[in-house]
Amino acid sequence: MLFKYRNEYKKIAMDMLSLLPEVNDIDFVEEEIEWYSNSNSRNIYLWRNKENNWAGFISVEEKSKNIIVRRIILTPESWSINNCCIMIDALSHIYIDKKVIGTMDTTSICEIWEKRKNDEPAE
């Protein structure tokens, strides 16, 4: 389940961002969270896995017709394409009228999600 970022989730969000290989200082993490917090069109969501543990982070930027997935982070023990797809699927239910697209870093995961979604049998 996705939870929209709130100030009381700051430590969790910072811990998730610190999992990125390119992150080597706390200033970057704080600047990243502030960049999302300072805009109504950018959001961070935290994900709890089925064991109810904080296990993922997904950040987005909302455009008129699209929702851009900027970052997808999972804890090492939760990392799987399936969990990425679960997070994007939950995101698509929040932004129901928007097309989910990725950045250069997240496009491949978004394409896998799109393919899986289109391959599912209709109910």
Side-chain angles (χ1 to χ4, degrees):
M1 174 176 240
L2 288 181
F3 294 84
K4 191 170 184 179
Y5 175 81
R6 300 187 314 230
N7 281 338
E8 56 262 30
Y9 297 152
K10 186 173 183 176
K11 176 146 179 23
I12 298 159
M14 290 176 69
D15 287 347
M16 292 289 176
L17 279 167
S18 70
L19 295 171
L20 293 171
E22 68 268 18
V23 174
N24 53 15
D25 69 47
I26 194 75
D27 292 335
F28 172 84
V29 172
E30 288 182 343
E31 287 170 12
E32 181 92 356
I33 290 173
E34 196 163 314
W35 186 75
Y36 284 96
S37 299
N38 288 337
S39 172
N40 291 332
S41 66
R42 294 185 296 257
N43 287 299
I44 294 171
Y45 293 90
L46 299 169
W47 179 66
R48 284 188 185 257
N49 62 17
K50 57 186 166 195
E51 290 83 29
N52 206 32
N53 296 318
W54 294 112
F57 173 108
I58 189 166
S59 60
V60 299
E61 186 169 2
E62 190 174 352
K63 298 294 184 182
S64 61
K65 296 181 183 177
N66 301 315
I67 191 75
I68 303 168
V69 176
R70 296 210 156 270
R71 293 199 186 273
I72 297 175
I73 304 167
L74 286 158
T75 59
E77 60 276 0
S78 296
W79 172 249
S80 74
I81 288 297
N82 191 54
N83 283 340
C84 290
C85 289
I86 289 169
M87 289 172 54
I88 296 172
D89 198 50
L91 187 71
S92 75
H93 289 93
I94 294 169
Y95 297 95
I96 200 153
D97 60 335
K98 308 250 185 218
K99 178 172 174 48
V100 176
I101 61 172
T103 62
M104 289 183 70
D105 292 333
T106 62
T107 293
S108 61
I109 294 170
C110 291
E111 287 173 347
I112 291 168
W113 168 78
E114 185 78 29
K115 182 174 178 358
R116 285 184 176 190
K117 181 181 75 146
N118 291 335
D119 288 347
E120 288 178 1
E123 293 180 26

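Note that the structure is predicted; figures quoted are calculated from it, not measured.
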Q) Nearest 0.5 Å, what's the OG-NZ distance between S64 and K98? A) 6.0 Å

(Q) Contact between L20 and R71 at the side-chain level, heavy atoms closer than 4.5 Å - yes or no? (A) yes

Q: Looking only at non-hydrogen atoms, find the nearest pair between L74 and M87 and report the distance.
A: CD2-SD, 3.5 Å

Q: Report yes if some heavy atom in the side chain of E114 is under 4.5 Å from a heavy atom in the side chain of K99; otherwise report no.
A: yes

(Q) If I take atom CH2 from residue W113 and atom OG1 from residue T106, how far apart are they, to the nearest 0.5 angstrom? (A) 12.0 Å

**Q.** Inter-residue atom distance S92.OG - I67.CD1, 0.5 Å rounding
**A.** 11.0 Å

Q | In one Ile/Leu/Val/Met/Phe/Trp/Tyr side-chain cluster, 4.5 Å: I26, I44 | A | yes

Q | hydrophobic_cluster_shared for I73 and I12, side chain cutoff 4.5 Å | A | yes

Q.
Quick check: is M16 connected to Y5 through a chain of hydrophobic side chains (ILVMFWY, heavy atoms under 4.5 Å apart)?
A. yes

Q. Is the backbone of A55 close enough, under 3.5 Å, to the side chain of N53 for a donor and an acceptor to pair up by distance?
A. no

Q: Determine the minimum heavy-atom distance between A13 and L46, stating which atoms define it.
A: CA-CD2, 4.1 Å

Q. So which of R6, K10, K4 actually passes salt bridge (Lys or Arg N to Asp or Glu O under 4.0 Å) with E8?
A. R6

Q: Any chance you could lay out the side chain to side chain contact (heavy atoms under 4.5 Å, CB included) test for L2 and L91, step after step, and finish with the verdict?
A: CA-CA 8 Å; L2 288 181; L91 187 71; 4.1 Å; yes

Q.
A quick test of your reading: do over 12 heavy atoms of other residues, nucleotides or ligands sit less than 6.0 Å from CG of N40?
A. no

Q) Around N38, counting heavy atoms of other residues, nucleotides and ligands shown, do more than 12 lie under 6.0 Å from its CG? A) yes

Q | Hphob cluster co-occupancy, I94 + V60, side-chain heavy atoms under 4.5 angstrom | A | yes

**Q.** Euclidean distance, S39 OG relative to E34 CD, rounded to 0.5 Å
**A.** 12.5 Å

Q) Pairs in or reaching into residues 8-36: which pass ring-ring contact (aromatic ring centres under 6.0 Å, His included), with residues at least two apart or in two chains? A) Y9-W54

Q: Please report the closest heavy-atom contact between S78 and N83, naming both atoms and the distance.
A: O-ND2, 2.6 Å

Q | Connected via hydrophobic side-chain network under 4.5 Å: I86 and L19 | A | no

Q.
Tell me if the CD atom of E77 is crowded by more than 12 foreign heavy atoms within 6.0 Å.
A. yes

(Q) Any heavy-atom pair between the side chains of F57 and L17 that's under 4.5 Å? (A) yes

Q) What is the distance from atom OG of S18 to atom CD of E32, rounded to the nearest 0.5 Å? A) 12.0 Å

Q.
Quick check for you: to the nearest 0.5 Å, what is the distance between I72 atom CD1 and T103 atom OG1?
A. 8.5 Å

Q: May I ask you to test the I81-C85 pair for a side-chain heavy-atom distance under 4.5 Å?
A: yes

Q: Could you list who else is in I68's hydrophobic cluster, with ILVMFWY side chains joined at under 4.5 Å, directly or through other members?
A: I101

Q.
For a quick test of reading the model, state the closest non-hydrogen atom pair linking Y95 to N43 and the distance between them.
A. OH-ND2, 3.1 Å

